[in-house]
Amino acid sequence: MISPTKEKGSTFGSKQLHKIQSMLHHRPRAGSWGSKEKTDKHLQNNHGNGGEIQWCFSQVKGTIEEDITEADIISCVEFNHNGELLATGDKGGRVVIFQRDGKGNKSFHTHGEYNVYSTFQSHEPEFDYLKSLEIEEKINKIRWLQRSNPANFLLSTNDKTIKLWKVTERDKRAEGYNLKDDSGILRDPTSITSLRIPLLKPMELLVEASPRRIFANAHTYHINSISVNSDQETYLSADDLRINLWHLEVTNQSFNIVDIKPANMEELTEVITAAEFHPTECNLFVYSSSKGTIRLCDMRERALCDKHAKLFEEPEDPTNRSFFSEIISSISDVKFSHNGRYMVTRDYLSVKVWDLQMDSKPIETFQVHEYLRSKLCSLYENDCIFDKFECAWSGNDRHIMTGSYNNFFRMFDRESKKDVTLEASRENVKPKTVLKPRKVCSGGKRKKEEISVDCLDFNRKILHSAWHPQENILAVAATNNLYLFASKD
Amino acid sequence: MGQGIKRKLDVYETEKTPQNQRQSIVDISVCKLQVNKSVKKVEPSLLRSVLILNTLKHIESELRKEGHCAPTNTTAMDIPEVNPNSTVIDFLPDQPIQVSNDSNSATEQFGPLPSIDTFVGNRSVSSEKITMETSSFPVITESSLTTIYPTTLRIDDIFNDLEFNIADYDIFSSVGNNKLTPLSADEVLHSCPNSSSPFGSDSFATLSNASLSPFCKSESAFEDLDNIMQILVGS
């Protein structure tokens with residue numbers, strides 16, 4: 001509770017009241033709860049080279065084998081709020097959490113190493129008997145809650161069910177019970193002649209994950225997003241046609257806040273593709289659609305947020321019109337910047353940065369792989385055009401990254417307007433080697449070191465990635481491998 | 001002279017004209033909407049279906065603007081989703097397939113596009129909606145028959161009476177193995193045995209027939225199935 005500062009001889013006057021009121025209305029910034037260390041780290045990386053980052057390989061997790069087990073394919077990656085934990089979900093319904101070890105070996109890893117902390121089976125495949133269909137156990141999204149006690153909480157979801165997991169550590173064990181001996185067998189009561197107090201003895205660290213809440217049966221269609229509100233008490237889940245608001249403590253009901261299902265399904269032309277809460281304003285959220293629009297909604301206005309507060313849409317460029325214009329305009333991911341003033345959207349060929357104050361057009365557009373524009377028909381044929389790529393902000397909101405094909409990923413510097421293409425590959429896995437920029441040539445003369453569009457491997461795609469919230473560390477999921485990259489400094 | 005290798009028309013060259021590209025996109029789209037849902041046992045992605053459907057609608061409106069088509073009956077284009085694992089038998093409608101290369105289609109015709117319900121969500125199979133154009137015949141199992149006709153019909157009895165050449169029905173084996181290989185645009189373009197008109201017609205109906213034709217290799221097979229169904233329905 002907030003208590004007024006006690007000054008000698010002062011009375012509880014209006015000045016104090018004003019101070020308390022302003023404290024009550026102040027929204028806690030994301031990441032500030034419970035953390036005692038000052039987050040100056042993001043400033044350290046910007047000195048010297050003007051903020052440009054040189055990326056180095058750090059670690060890779062996963063099997064080297066060429067044969068990929070479908071269940072091992074990573075389907076989401078997410079750092080927690082201070083970047084100490086990194087969670088991945090896969091198609092087999094498992095969640096693997098990595099923890100960052102201390103600064104450790106300076107010469108090897110300046111930024112610390114991530115090692116497996118906990119693994120658990122989050123979701124199992126289910127069968128919907130009514131529709132005679134399987135429900136995949138693939139983890140679509142993971143979102144961390146901010147820590148308020150020693151345990152860590154995360155939400156994980158598949159197509160239909162969201163689960164709240166509690167991850168706890170146990171490193172002490174009580175020994176010396178009276179009624180049971182240390183292996184758990186009951187002691188013979190006649191042999192007990194005196195009482196003893198059990199002592200806590202250290203034991204090997206045991207990390208346990210247990211499901212605390214199961215939020216089920218609220219979505220007719222496939223869940224594509226979950227987002228925790230800044231109040232840390234509610235969260236939203238979005239499927240193709242509806243968005244529901246949940247309270248973390250309540251599993252038997254949820255509020256429907258957006259419903260775009262038409263009365264007649266024949267009239268359906270647009271679906272929801274992603275949704276996210278604003279990082280600091282707990283009443284605002286956005287959702288993107290398959291037609292390339294983003295809607296900002298304010299929950300204070302009305303209970304059912306069908307009517308948007310703002311509609312973000314860029315008028316179509318008539319010169320680039322093709323049969324596939326609509327498909328490639330479909331937004332696959334939307335993310336707010338850390339400061340809450342901007343958002344970035346990813347469609348098939350580009351990433352766009354929007355200023356929340358301006359809904360007429362994005363303030364920046366970056367081409368991810370424009371060389372694919374002439375190949376859209378083949379990409380439609382092999383279904384690649386439906387791939388949903390994610391995007392991520394750097395901790396200081398200056399950089400944006402997103403994935404592409406051939407295990408390439410793209411980094412955009414908003415300030416210098418420079419961009420670079422890097423590859424997640426096991427070649428050159430020496431840590432601290434700066435990654436070599438890659439280049440794709442679309443036709444004509446192919447320079448040395450360039451790769452031609454026709455040689456790109458469309459089966460090796462980087463759909464999921466995450467950027468450490470404070471430092472320049474990237475976690476990139478390449479099919480069944482997880483790559484970690486860090487900046488050189 | 002004349003001893004050289006036969007020259008084959010390069011398929012990719014034919015796709016360069018917008019007309020042909022449009023057509024191949026339509027073919028691919030129709031295939032996408034049909035084939036996938038019999039292969040996977042998971043509900044197909046609504047996003048994907050909506051995007052494909054919108055692409056088809058866009059092409060349809062373009063063609064309409066160019067004065068190519070008039071709206072036709074719904075049944076020609078109704079592509080109901082049929083779950084190969086469903087235990088309900090689909091009944092044939094009274095009328096045969098709408099093959100529009102018959103009498104009245106001097107003009108290219110499109111049906112209004114099917115409701116999104118037919119692909120996802122609405123899984124109740126109603127007899128009016130089902131036409132012979134379903135790409136995946138349900139596997140007729142013994143138990144499914146007895147649920148519909150709890151009397152004495154047994155699958156052996158039915159099939160014993162008929163000259164039923166299973167070999168004509170590639171679909172059965174492929175459905176049984178749950179392995180319908182997706183048709184390439186090539187197969188679709190060149191595999192329609194019944195169409196007498198050259199494949200330049202942009203009719204959706206012929207297209208859906210064409211995309212289904214690998215599963216219906218001969219007319220006699222149709223008649224046989226017709227017979228079976230009449231026995232089941234009529235008695």
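Below, read A as the first sequence line, B as the second, and so on, with proteins coming before strands; counting in each chain starts at 1. Nothing here was measured: the structure is a model prediction, and the numbers come from that model.
Under the 6.0 Å distance and 45° angle rule, B:K32 does not count as a cation-pi partner of A:F386.
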- Task: Please lay out, stage by stage, how B:I25 and A:E381 fare under the test side-chain contact (heavy atoms from CB on, under 4.5 Å).
- Result: CA-CA 8 Å; B:I25 293 174; A:E381 213 177 328; over 6 Å; no
- Item | Trace of the side-chain contact (heavy atoms from CB on, under 4.5 Å) decision for B:E43 with A:D128 | CA-CA 10 Å; B:E43 196 162 349; A:D128 181 343; 5.6 Å; no
- May I have the step-by-step check of side-chain contact (heavy atoms from CB on, under 4.5 Å) for A:E326 and B:L51, ending in yes or no? CA-CA 7 Å; A:E326 182 174 321; B:L51 289 175; 4.1 Å; yes
- Message: Set out, in order, the CA-CA distance, both residues' side-chain angles and the distance that settles side-chain contact (heavy atoms from CB on, under 4.5 Å) for A:I272 and B:L47, then state yes or no.
- Response: CA-CA 8 Å; A:I272 298 171; B:L47 168 67; over 6 Å; no
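Residues B:H58 and A:S322 approach most closely at NE2-O, 4.5 Å, considering heavy atoms. The shortest non-hydrogen separation linking A:L133 to B:V42 is CD2-C, 3.9 Å.
Proximity to chain B is limited to the side chain of A:L241, based on heavy atoms less than 4.5 angstrom apart. Heavy atoms closer than 4.5 Å to chain B are found nowhere in A:S325, neither backbone nor side chain. Using a 4.5 Å cut-off between heavy atoms, A:F324 touches chain B through its side chain atoms alone.
For A:N217, the CG atom is loosely surrounded, since the number of other residues' heavy atoms within 6.0 Å does not exceed 12.
Of the listed residues (A:K388, A:H222, A:E134, A:K291), the one with the most heavy-atom contacts under 4.5 Å to chain B is A:E134.
With values rounded to the nearest 0.5 angstrom, A:T269 atom OG1 is found 10.0 Å from B:L53 atom CG. In this structure, OG on A:S290 lies 7.0 Å from CG on B:N54, to the nearest 0.5 angstrom. Atom OH of residue A:Y221 and atom CG of residue B:L46 lie 6.5 Å apart, to the nearest 0.5 angstrom. In this structure, A:I327 CD1 and B:R48 CZ are separated by 9.5 Å, a value rounded to the nearest 0.5 Å.
Side chain to side chain, A:Y380 and B:T55 fail the donor-acceptor criterion of an N or O pair below 3.5 Å.
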